[in-house]
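See below for the structure under consideration.
We're numbering straight along the sequence, starting at 1. Values below: all heavy atoms of this structure, side chains included; hydrogens, waters and symmetry mates excluded. Small disclaimer: the values here were computed from a predicted structure and weren't measured.
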Amino acid sequence: MRQYLVKMRPLEPYTFGKEQGFKFKNVKIEQTTYFIKSNDIPEQTTVLGMLRYFLLKGKGILKKDFCYTDAEKKAMD
């Protein structure tokens with residue numbers, strides 16, 4: 001199995017959110033005070049999604065509106 005090292009440099013402030021990040025049940029957001037805790041590293045799905053985005057963008061098949069034909073979806077797979 002191959003191993004890859006992915007280095008990321010943030011361009012803006014960021015957080016690696018958690019699945020249980022933002023949940024409000026029957027509470028008005030304006031009246032809520034809360035803190036958000038970030039993970040130390042990104043989730044695996046975040047890294048894979050980022051890599052997929054840049055690979056598709058590099059091949060020139062990424063659209064800004066994300067509306068694709070069936071043929072384009074097959075090419076992306």
Side-chain angles (χ1 to χ4, degrees):
M1 184 165 87
R2 293 184 180 177
Q3 293 184 4
Y4 296 92
L5 173 64
V6 177
K7 292 184 177 185
M8 295 181 278
R9 182 173 33 118
L11 301 176
E12 299 175 347
Y14 67 94
T15 180
F16 295 129
K18 296 183 175 190
E19 284 185 25
Q20 301 166 352
F22 306 100
K23 289 188 180 177
F24 295 99
K25 273 193 172 178
N26 302 324
V27 177
K28 291 184 180 180
I29 294 175
E30 299 88 23
Q31 298 174 350
T32 305
T33 302
Y34 59 92
F35 292 94
I36 301 170
K37 186 173 180 180
S38 175
N39 287 333
D40 293 331
I41 59 174
E43 297 288 332
Q44 180 180 0
T45 52
T46 301
V47 175
L48 293 174
M50 178 189 69
L51 291 174
R52 178 178 168 82
Y53 173 85
F54 285 115
L55 288 170
L56 293 175
K57 186 176 180 182
K59 291 189 176 242
I61 55 177
L62 186 72
K63 292 184 177 180
K64 290 183 180 181
D65 62 0
F66 300 105
C67 293
Y68 300 99
T69 65
D70 290 336
E72 290 169 327
K73 288 179 184 178
K74 188 173 181 178
M76 293 170 79
D77 286 342

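When the side chains of ILVMFWY residues are joined at heavy-atom separations under 4.5 Å, either directly or via intervening members, Ile41 and Met8 end up in two distinct hydrophobic clusters. No chain of hydrophobic side-chain contacts below 4.5 Å, direct or via other Ile, Leu, Val, Met, Phe, Trp or Tyr residues, connects Val47 to Leu55. Note: the hydrophobic cluster containing Leu48 does not contain Tyr53 (ILVMFWY, side chain heavy atoms under 4.5 Å, direct or indirect links).
Pairs of residues two or more places apart, or lying in two chains, never qualify as salt bridge (Lys or Arg N to Asp or Glu O under 4.0 Å) while including a residue from residues 44-59.
Atom CG of Asp65 has more than 12 heavy atoms from other residues, nucleotides or ligands within 6.0 Å.
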Enumerate donor-acceptor pairs with a distance under 3.5 Å from any side-chain N or O in residues 66-77 to protein atoms, sequence neighbours excluded.
unit_1: Tyr68; atom_1: OH; unit_2: Lys63; atom_2: N; d: 2.9
unit_1: Thr69; atom_1: OG1; unit_2: Glu72; atom_2: N; d: 3.2
unit_1: Thr69; atom_1: OG1; unit_2: Glu72; atom_2: OE1; d: 3.4
unit_1: Glu72; atom_1: OE1; unit_2: Lys63; atom_2: NZ; d: 3.0
unit_1: Glu72; atom_1: OE1; unit_2: Thr69; atom_2: N; d: 2.8
unit_1: Glu72; atom_1: OE2; unit_2: Lys63; atom_2: NZ; d: 3.1

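Two residues are said to be in side-chain contact when any heavy atoms from C-beta on lie closer than 4.5 Å; Met50 and Pro42 fail this criterion.
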